[in-house]
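Position 1 is the first residue of the sequence; numbering continues from there.
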Amino acid sequence: MYKNLISSKKNILLLSLFAFFMCLPLVSNLFKASLAFINAADFGIYQKAILEIAHGPDWNPYVTITDLKILNDHFDPAIYIAAAFTKIFNVRLYGFIVFEWLWYLAASALIVFTSKSTKQLFIGLLLFVFSRGLLEAIEFPIHPTTWSVFPAMLFIYFIHTKKYAAAFTTALALATFREIYFFMFAGAAAWFFLQKNWKQMALYLALSVTLIAFLLFVRPMLFGGPIAQYSHAAKSQGFIGLASAFINFKYPWKVFLPLIIAMLLIIRSSKFKFLNQTTCFALLFTLPGILIHIVSGRMVHHHAVPFVAPLIMALHMDNIASLLKSKKVIWGFIILSIVVASSRHTKMIKYFVDSSSYYRTNVEEKNKSLHELKEVFALLDENSTILSTGGVIPYLQKASLKLYHYSNLTPKNLTPDYIILERNGIGDPFPLSYEQLEKAINCLSSNERILAIMSNKHFLIFSGAEIKDCLRLRENWPNIVIPVQ
């Protein structure tokens with residue numbers, strides 16, 4: 001297959017197009033990072049934790065952005081891989097984006113090396129490269145959930161080839177990327193139950209129960225301190241509340257549309273043998289996670305990766321390409337996949353064509369402002385407490401720095417020495433709206449005891465003990481506080 005692949009000009013052109021769209025998210029994210037267009041949530045959270053692990057003695061460091069220790073927030077020890085990468089290559093900003101993209105690249109390579117025909121290869125790459133769910137994740141760096149795209153797909157490969165020892169080992173590794181997999185292993189156990197493979201069923205059920213017990217009971221005792229409880233909404237709603245969550249769940253289901261159509265084709269062709277298909281395994285495996293996200297009412301950015309990645313790999317291994325027989329069906333499937341993902345690619349391209357359409361700023365002017373910001377920032381006392389809007393935190397972050405995110409997660413008793421604000425409309429100040437940001441700037445500017453030590457078109461830096469008086473504006477923000485126990 002590989003000789004025929006590179007001997008055809010049409011195939012080389014198609015591979016070049018896939019390579020272009022694979023690299024587009026990487027280049028787009030590097031561009032945004034260079035101009036401080038990436039918000040501290042979630043980039044700054046993991047950036048801070050990984051830097052602290054790589055350059056400090058703490059294996060579970062406190063993260064100023066969330067006011068929690070990193071493993072007390074999400075349990076994802078895969079960050080130690082990133083910490084090793086950071087230590088070796090002295091990463092601070094851009095390397096994190098490259099690190100995440102390498103997982104994405106490895107997953108695409110898995111499709112290439114498991115393809116048995118050119119058609120299977122190109123349809124597999126189509127599902128992967130034009131996956132709306134994966135694009136939304138890779139466009140929102142950085143998060144271990146996104147990195148799990150490779151082990152999740154590798155897990156499906158081992159299930160398909162019936163290499164169950166390797167699959168279980170991969171499952172153990174997969175559990176270090178996100179807690180949602182703890183619950184999804186119960187879905188894997190359900191499939192093995194239908195297959196009457198009692199040994200594998202018992203293994204995955206025991207794995208799921210053990211990991212969930214660790215998450216809910218052992219982790220709080222082992223790590224101490226406050227623990228984020230993301231399940232509080234589901235636990236407090238009751239049956240009527242949960243039913244309402246299903247009815248009112250708002251999510252662009254077009255993310256799954258090409259996958260749904262492909263699964264229907266698999267079901268139609270296999271009929272009663274569908275239970276034996278890898279696609280059926282992937283569907284049952286992902287089902288608990290999908291239901292949890294529907295109940296919680298959230299499936300944005302990286303959240304879809306644990307579901308779309310296994311489904312894409314399962315459809316690829318079950319050779320969905322062989323079921324796309326007529327030219328009309330093939331072209332219909334290709335057009336649908338491209339259209340579903342087109343808005344993400346269009347947005348990435350627009351960053352280069354006209355960044356001002358998103359951030360109302362000129363690139364050259366922004367670079368000058370950032371240069372000035374870095375010069376002034378370097379003069380600040382390294383032991384001082386600094387509060388900042390989210391857009392510039394990843395750009396300025398380093399280990400041991402007490403740099404806090406101006407958000408509802410800011411510690412209530414924080415008394416910052418300095419506050420850095422991005423001016424209205426030229427960055428990403430989430431969770432502030434631009435109106436709230438303007439109120440904060442007016443509050444700080446009107447206080448005679450607060451000194452503006454830097455002011456340009458894009459950034460402001462204020463100093464003074466009275467800064468905390470303006471932080472009361474947070475009381476009117478949307479409630480994004482993480483309950484703790």
Side-chain angles (χ1 to χ4, degrees), residues 22-23 25-66 69-71 73-74 76-107 109 137-151 173 176-177 302 366-367 369-386 388 390-405 420 428:
M22 277 287 298
C23 292
L26 171 66
V27 178
S28 173
N29 284 338
L30 290 173
F31 174 75
K32 288 189 291 182
S34 71
L35 293 172
F37 286 160
I38 293 180
N39 193 272
D42 287 326
F43 191 105
I45 296 171
Y46 284 100
Q47 177 194 31
K48 177 65 172 176
I50 293 166
L51 285 171
E52 294 290 349
I53 294 170
H55 302 292
D58 198 345
W59 61 273
N60 186 21
Y62 169 76
V63 178
T64 53
I65 297 169
T66 57
K69 290 188 174 184
I70 189 62
L71 297 183
D73 184 2
H74 282 299
D76 35 26
I79 58 175
Y80 298 123
I81 304 173
F85 181 87
T86 300
K87 185 73 172 178
I88 294 169
F89 296 102
N90 195 28
V91 170
R92 196 178 71 84
L93 175 59
Y94 305 113
F96 289 113
I97 294 171
V98 174
F99 175 81
E100 180 162 274
W101 184 79
L102 288 174
W103 293 97
Y104 185 57
L105 181 64
I138 202 73
E139 192 184 8
F140 181 74
I142 54 177
H143 204 287
T145 311
T146 305
W147 313 343
S148 74
V149 61
F150 174 68
T176 67
F177 288 83
H302 52 272
K366 183 72 178 285
N367 271 320
S369 294
L370 281 168
H371 181 71
E372 182 183 356
L373 175 65
K374 287 184 73 173
E375 285 186 334
V376 176
F377 188 78
L379 298 175
L380 303 183
D381 183 358
E382 288 191 356
N383 295 317
S384 60
T385 300
I386 305 167
S388 175
V392 293
I393 287 179
Y395 191 83
L396 300 172
Q397 189 67 271
K398 59 182 179 180
S400 74
L401 190 66
K402 292 187 285 185
L403 182 59
Y404 291 80
H405 188 191
I420 303 172
D428 186 1

Note: I79 and P144 closest approach over all heavy atoms is CG2-CG, 3.8 Å

Nearest heavy-atom approach of P141 to I38 is CG-CD1, 4.0 Å

Result for side-chain contact (heavy atoms from CB on, under 4.5 Å) between F140 and one of N39, D42, T146 points to D42

Output all residues satisfying ring-ring contact (aromatic ring centres under 6.0 Å, His included) with F177, sequence neighbours left out; order by chain, then residue number. W103

Are D76 and Y46 side-chain neighbours, meaning at least one heavy-atom pair lies under 4.5 Å? yes

Using a 3.5 Å cut-off and no angle test, enumerate the donor-acceptor pairs between side-chain atoms of residues 92-102 and protein atoms at least two apart in sequence or in another chain.
residue, atom, partner, partner atom, Å
R92, NH1, Y395, O, 3.3
R92, NH1, Q397, O, 2.8
R92, NH2, Y395, O, 3.3
E100, OE1, H143, N, 2.8
E100, OE1, W147, NE1, 3.0
W101, NE1, M22, O, 2.9

Of all heavy-atom pairs between I45 and V63, which one has the smallest distance, and what is that distance? O-CG1, 3.8 Å

Hey, are the side chains of S388 and L403 touching, using non-hydrogen atoms and a 4.5 Å cut-off? yes

Which salt bridge (Lys or Arg N to Asp or Glu O under 4.0 Å) pairs, counting each pair once, include a residue from residues 47-65, with sequence neighbours left out? K48-E52

Note: A49 and P61 closest approach over all heavy atoms is O-CG, 3.7 Å

Mind checking the NE2-CD1 spacing from H405 to I386? Nearest 0.5 Å is all I need. 14.5 Å

Ignoring hydrogens and angles, tell me if any N or O in the side chain of Y80 forms a donor-acceptor pair with the backbone of I53 under 3.5 Å. no

For a quick test of reading the model, state the closest non-hydrogen atom pair linking T145 to H302 and the distance between them. CG2-O, 3.4 Å

CD1/I70 to CG/N60 distance, rounded to the nearest 0.5 angstrom? 8.0 Å

List the atom of I138, the atom of N29, and the distance in Å for their closest heavy-atom pair. O-ND2, 2.7 Å

Should I420 and L396 count as side-chain neighbours, where that means a heavy-atom distance under 4.5 Å? yes

